[in-house]
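Below is one structure, written out as C-alpha cells; comments come after it.
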Amino acid sequence: MTQEQEQDMKQVQQVVDQAIQGFRSSPDLEKKKTHLSLLIKLLSRETIDPEPCIDRIIQVGFVKDLTILAGGSTKNADLQIQAIWCLTNIASGTTEQTKQVVPACPVLIQSLSGTNSRIKEHAVWALGNIAGDSEELRNTVIKMGAFLPLCRIMQQAAAAAAKKNNNTNPALVRTVAWTVSNMLKGRVLPKAQFYKHPFMESIAALYSCKDDAAILTEISWISTYLTSRDEQGTGRIIAAKFDNLVVSVLNKDTPTALAIPALRTIGNMLAYNDSFNSTVLSRNGKPILSALAACLKQEKHRGLAKESIWVIGNILAGPTNHVKAVLDGGFIPVLAKILNSGQFDLQREAVYALLNAMRESQKVKAFPKLIPALVKEGKIVNPVLRLLKIDDPDCIKACLNMLEVVLAQGKDYVSLVEEANGIECLEHVHLHPNRALWDHAHFLVDKYWGEDVDYGPEEKAAAAAAAADPMDYPVWRLGAQQQQQAQQPQQQLPFGLSNNGSNSSSNNHQPRFDFG
C-alpha cells in the first residue's frame, strides 16, 4: 500500500468514526438518518475501495447497532431501510466481512413477512449477498429458514401475474428470484423444498412475465440450477413441462443475458438419459433447434454460441434419431466451419459436439456419409491436428479420440492424416506431461504407421486403456449416454459454477450503488 493510499484509508476511517459517533450520540431521528446516509454513500461509492470502510464498521461493533435498527427498534421505516442497506453492502465484501452479517439473518428473515415492500426488498438483497458468498453461508441462510418466506413472496407474485395484476413490486420479485438462485448454487444442497409443488408452480407462473426480461433471466437461472444437480430433480422439472416454458422465452429478440440460462437449462435437461432427451425433443425439438440455429449466428456473442454448441453436443450424444434431427437441421457444416476458423473455446466445443456424433459404431453405420463428408477437404482433420498443439488436456483427449475414429475408417483416411502432417502432430503430444495422452498418441502412431518398434505389450495395453477411458473426457460434456456409462460421480465443481464448466452471469454479490 502506498503512502497516499494509506492516508486515504485513514481519512475514510475517520469519516466512518465520525458518522458512527454522531449516530450513537444523537437522540434525533433525522440526524441519525443523516449519519446513516453518509455511511451508505461511503459503502456505495464505486470510486473507492469499500473494504476499509466495512472493516472499520466491524471493528467498532456497529454491525450490532445496524442489526437492532434492521429489526425496527425505532419503528421508523426509513431508518430500518438504511440499516438494512448498510448490512447489504457489508455482506458484499469479503467472506470474513460477510460472516459478520450472519447474526442479522433472523431479523432479515422476519422482515420478509412484513407489509412494507421496500423493507422486504432490501432484506432480500442482504440475504442474497450472504447466500451468494459461499456454500457454507448459503447453507446457513437456508437452515435459518429463509427459503419458505421467499417462496411465499414468489407465490404471491405468481398469483398476481396469473391475474395480470400490476400491483406487485417487480424489483422485489427480481431480487427474490436472484436470492433464490444464489441458494441453489453448488453441487450439494441441504434438505429444502426446492422441488416441492408450491415453489415449482410459482417459478412456472413467473415465466408469464414476458415484459420483464430481468425476472425471466433470474427464474431461468433457477431452472438452470434445478436441472444441474441430479437426475431425479431434473426428472421432476421435465415432468412439470418446464421445457415448454423455457423454450417460450427463446426467440430472435431474446437478450443474451436471458438466452444463456435458458439454453443451459435445455442443455441440462438433455444431459442425463435418452428418455429425458426423447421427452423434451418430442415436445420442443423444432423450436429448440430453431433457437440454436439463431444463437449460432450471433457472432458478437461468443458465450451464446458456446452454450448453443454444448446443447447441440448433448443432442448428438443421444440415439440416432436425435442425431438425424441435427443433421437435417444443417448444423454439422456449421460446426465444421467453427472447428476450422472459430476462436479456441468455440473450436473446443465443436470438437466435443462432433465427436458425440462420430464416436459410436451404430452412428457410423446409420450415417455412413457423415465421416467422409467431414474428412473431405480437411474439414476436421487439419483443425483437429492443430488443436493437438494447444495445451488443453481435455481438448487433446477429444482430438485423439476423433482421430482414432477417422483412422479406423481405412487406409485412405490414414493417408489423409499422414499427408496433413498427422504423425508429426501426434509426436508433439509425446512431449505432453500427461502420460495418458502420451500413451494414446503413441498407440495411434504405432497402430497405423508401425514406427515404434520398441513399443512393448505392456505399453500397448496401457495406451489402449487410455484410448478407451471415458473419464478423461469432461463429464459434463459427455452427453446422456456417456454419462450413464461413467462409473464415477459427476465432477465436483467450485461453488457458483454450472454443469458446463462456465461461470454464471448472475452475480453472487450485488452491492447497492443506486443511493441518491
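No side-chain heavy atom of Glu349 sits less than 4.5 Å from a side-chain heavy atom of Ile312. Side-chain contact between Thr94 and Gln97 is present, with heavy atoms from C-beta onward closer than 4.5 Å. Residues Pro50 and Asn89 are not in side-chain contact: their nearest non-hydrogen atoms beyond the backbone lie 4.5 Å or more apart. Residues Val176 and Lys120 fail the side-chain proximity criterion, which asks for heavy atoms closer than 4.5 Å. Tyr352 has its side chain out of reach of Trp310: every pair of non-hydrogen atoms, C-beta onward, lies at least 4.5 Å apart. A heavy-atom distance below 4.5 Å is not found between the side chains of Ile84 and Trp125. Counting only heavy atoms from C-beta outward, the side chains of Trp221 and Leu258 never approach each other to under 4.5 Å. Using a 4.5 Å heavy-atom cutoff, the side chains of Pro287 and Asn284 are in contact.
Residues Ala259 and Leu250 share a closest heavy-atom pair of CA-CD2, 4.0 Å. When all heavy atoms are compared, the tightest approach of Met269 to Asn277 is O-OD1, 3.8 Å. The minimum heavy-atom distance between Ala336 and Leu374, with the atom names listed, is CB-CD2, 4.1 Å. Scanning both residues, Leu335 and Ala350, for their nearest heavy atoms gives O-CB, 3.7 Å. For the residue pair Leu339 and Val384, the shortest heavy atom distance occurs at CD2-CG2, 4.2 Å. Residues Thr320 and Phe367 come closest through the heavy atom pair O-CZ, 3.3 Å.
Here the straight-line distance linking atom CG of Leu387 with atom CZ of Arg348 works out to 10.0 Å at 0.5 Å rounding. Atom CD1 of Ile203 sits about 10.5 Å away from atom CD of Gln155, to the nearest 0.5 Å. Considering CD1 of Ile371 and CG of Leu354, their distance stands at 10.5 Å, rounded to 0.5 Å. In this structure, the separation between CG on Leu304 and OG1 on Thr254 is 9.0 Å, given to the nearest 0.5 Å. Here Arg435 contributes atom CZ and Trp438 contributes atom CH2; the two are 5.0 Å apart, rounded to the nearest 0.5 Å. From Lys306, atom NZ reaches atom CD1 of Ile338 across 13.0 Å, with rounding to the nearest 0.5 Å.
Side-chain atoms of Ser92 and Asn129 include no donor-acceptor pair closer than 3.5 Å. His322 and Asp274 are not linked by any side-chain donor-acceptor pair at a separation below 3.5 angstrom, with hydrogens and angles left out of the test. Side-chain contact annotation: Thr95 with Asp133, donor-acceptor N/O pair under 3.5 Å present. No hydrogens or angles considered: a donor-acceptor pair under 3.5 Å links the side chains of Asn182 and Lys185. When only modelled atom types and interatomic distance are considered, Ser248 and Lys210 share a side-chain donor-acceptor pair under 3.5 Å. Looking at Thr265 and Thr224, their side chains do bring a donor and an acceptor atom within 3.5 Å of each other.
When atom types are taken as modelled, the side chain of Arg264 and the backbone of Ser228 share no donor-acceptor pair closer than 3.5 angstrom. Within the 3.5 Å criterion, the main-chain N or O of Ser278 finds a donor-acceptor partner in the side chain of Ser282. In this structure, the side chain of Gln409 engages the main chain of Val405 through a donor-acceptor pair within 3.5 Å. Although no hydrogens or angles enter the test, the distance criterion places a donor-acceptor pair under 3.5 Å between the side chain of Lys363 and the main chain of Gly318. No donor-acceptor pair closer than 3.5 Å links the side chain of His301 to the backbone N or O of Gly303.
Below 30°, between 30° and 60°, or above 60°: for Phe242 and Tyr207 the angle between ring planes is above 60°, a perpendicular geometry.
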With side chain to side chain contact (heavy atoms under 4.5 Å, CB included) as the criterion, how do Thr279 and Asp243 come out once you've worked through the C-alpha distance, each side chain's angles and the decisive distance to 0.1 Å? CA-CA 10 Å; Thr279 300; Asp243 49 304; 5.8 Å; no

Would you sort out whether His122 and Trp85 count as a ring pair (Phe, Tyr, Trp, His ring centres under 6.0 Å), showing the intermediate values? CA-CA 6 Å; His122 284 72; Trp85 199 320; 5.1 Å; yes

Take Ile130 and Val102 through the side chain to side chain contact (heavy atoms under 4.5 Å, CB included) test and state the conclusion after the steps. CA-CA 7 Å; Ile130 297 169; Val102 171; 4.2 Å; yes

May I have the step-by-step check of side chain to side chain contact (heavy atoms under 4.5 Å, CB included) for Val124 and Trp178, ending in yes or no? CA-CA 9 Å; Val124 170; Trp178 168 73; 5.9 Å; no

Side chain to side chain contact (heavy atoms under 4.5 Å, CB included) for Leu112 and Leu127? Distances and angles first, verdict last. CA-CA 10 Å; Leu112 303 183; Leu127 290 167; 3.9 Å; yes

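Taking 4.0 Å as the cut-off between side-chain N and carboxylate O, Glu121 and Arg118 do not count as a salt-bridged pair. At a threshold of 4.0 Å, the pair Glu218-Arg174 does not count as salt-bridged, since none of the basic side-chain nitrogens sits closer than that to a carboxylate oxygen.
Of the residues Thr227, Ile315, Leu281, Val246, the one that meets the side-chain contact (heavy atoms from CB on, under 4.5 Å) test with Ile266 is Val246.
Around CG of Asp328, the count of heavy atoms belonging to other residues, nucleotides or ligands within 6.0 Å exceeds 12.
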